[in-house]
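Have a look at the structure below, then the notes.
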There are 2 protein chains.
Amino acid sequence: MPRSRGHLLTTPPSEVDAALVALGYNLRTARVRRNLTLVQMAEALGVSREVLGEAEKGKASTSIAVYAGLLWRLGMIEQLGELARPDRDEEGQRLASFREPKRARPAGGPLDDDF
Amino acid sequence: MPRSRGHLLTTPPSEVDAALVALGYNLRTARVRRNLTLVQMAEALGVSREVLGEAEKGKASTSIAVYAGLLWRLGMIEQLGELARPDRDEEGQRLASFREPKRARPAGGPLDDDF
DNA sequence: AGCTTATGTCGGCTTAAGTCGACACTGGTT
DNA sequence: AACCAGTGTCGACTTAAGCCGACATAAGCT
């Protein structure tokens, strides 16, 4: 992976970390409620039970496939595709009312981003 | 990573793949609307611009940190922690009305899961 | 309490994720 | 239509993600 510089993957912003921990907790809760063991999950998804345990702890460097697989087995995979939906992105819609390109514009005015 | 067996990470279920592609598209749309380039994103997050491009295409084996980082920079990180929330998990709540353990139960009746 | 099973952890191993530099392509601007 | 900048892709390299087997601990059932 990275050549050893530690940023996003090693020490994510606290908000990111918090969100991942929350997600992991939610996944674990949903799994336990359904009375599924990590081993059963691992078999169903074709991954080792260790990575599932790590995902439920919110490990940031775990591939999204693992998280998505859990959501899938739990019958919640649609929720993933709802994330960041353009039609719910108010900030984005405001900006899109001006221009809606396929790329970020090369140069131009000082109108760059939020905050 | 895996010893070469191809399941979740290499060829995820189509629903998982679809959800990831949708997510990637949403992320790209939000980024472009904000007029941010991949390079700017990469600098802000401390990752290479390649992985960001791959994430926007919905690559399953990319770490969730990358996806989460994008959400974070776009001001949508909270949405991640909302995924699979127990209080919105109707199926889970139904089951939890019977028992709410910390682990899946060892043995017991043939009552295992949904469908 | 005792038994059973789920989950945590450790170490070694293999493979691929992520980085970096360079070049090609493509879309937006003037 | 020419130019410039954003994005796609390739190849080589470094590092760690995920696997596996085994053992330790903790939680649930009787």
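No hydrogens, no waters, no symmetry mates; every other heavy atom, side chains included, goes into these values. All chains are named by letter (A, B, ...) in the order of the sequence lines, taking the proteins before the strands, and each is independently numbered beginning at 1.
- With hydrogens and angles ignored, a donor-acceptor pair under 3.5 angstrom links the side chain of A/R49 to the base of C/dG8.
- The interatomic distance linking B/I64 (CD1) with C/dA17 (C1') rounds to 16 Å, in whole Å.
- Side chain B/R105 to base C/dA6: no donor-acceptor pair is found below 3.5 Å.
- Among the nucleotides D/dG28, D/dG18, C/dG18, the one closest to any side-chain atom of B/P101 is D/dG28.
- Between A/N35 atom CG and D/dG28 atom P there is a gap of 11 Å when expressed in whole angstrom units.
- Using a 4.0 Å cut-off, no side-chain N or O of B/T62 falls inside it from OP1 or OP2 of C/dA17.
- Out of C/dT7, D/dG6, C/dT19, the shortest distance to the side chain of A/A104 is found at D/dG6.
- A/R85 has a carboxylate O that lies under 4.0 Å from a charged side-chain N of A/E82, or vice versa, which qualifies the two as a salt bridge.
- Look at CZ on B/R103: it is 4 Å from C1' on D/dA27, rounded to the nearest Å.
- One interatomic measurement links the two molecules: CG of B/L52 to P of C/dC20, which rounds to 12 Å at whole-angstrom precision.
- In terms of modelled atom types and a separation under 3.5 Å, the side chain of A/Q40 and the main chain of A/T37 share a donor-acceptor contact.
- Atom-to-atom, CG of B/L9 to P of C/dG18 comes out at 11 Å; the value is rounded to the nearest Å.
- On a pure distance criterion of 3.5 Å, a polar donor-acceptor pair joins the side chain of A/E50 and the base of D/dC20.
- Taking 4.0 angstrom as the limit, A/K102 places none of its side-chain polar atoms (N or O) nearer than this to OP1 or OP2 of D/dG6.
- Set against D/dT7, D/dG18, C/dG8, the side chain of A/L38 has C/dG8 as its closest nucleotide.
- Comparing B/K59 and A/E56 by the nucleotide of DNA chain C whose heavy atom lies nearest to each, the residue mapping closer to the 5' end is A/E56.
- For the OP1/OP2 pair of C/dA17 and a distance below 4.0 Å, the side-chain nitrogens and oxygens of B/S61 include at least one atom meeting the criterion.
- Between B/I77 and A/P13 the shortest side-chain heavy-atom distance does not fall below 4.5 Å.
- Rounded to a whole Å, the CD atom of A/E54 is 12 Å from the C1' atom of C/dC10.
- The pair A/R34-B/D89 meets the salt-bridge criterion, with a side-chain N (NZ, NE, NH1 or NH2) lying under 4.0 Å from an Asp/Glu carboxylate O.
- The separation between B/L45 atom CG and C/dG18 atom P is 13 Å, rounded to whole Å.
- In terms of position on DNA chain D, the residue among A/S48 and B/Q40 whose nearest nucleotide sits closer to the 5' end is B/Q40.
- Although no hydrogens or angles enter the test, the distance criterion places no donor-acceptor pair under 3.5 Å between the side chain of B/E54 and the main chain of B/T62.
- At the phosphate of D/dT7, OP1 or OP2 sits under 4.0 Å from a side-chain N or O atom of B/R31.
- Side-chain atoms of B/N26 never come within 3.5 Å of backbone atoms of A/P86 as a donor-acceptor pair (strictly under, hydrogens ignored).
- Among C/dT7, C/dT19, C/dG8, the nucleotide with an atom closest to any side-chain atom of A/K57 is C/dG8.
- Taking 4.0 angstrom as the limit, B/R28 places none of its side-chain polar atoms (N or O) nearer than this to OP1 or OP2 of D/dG6.
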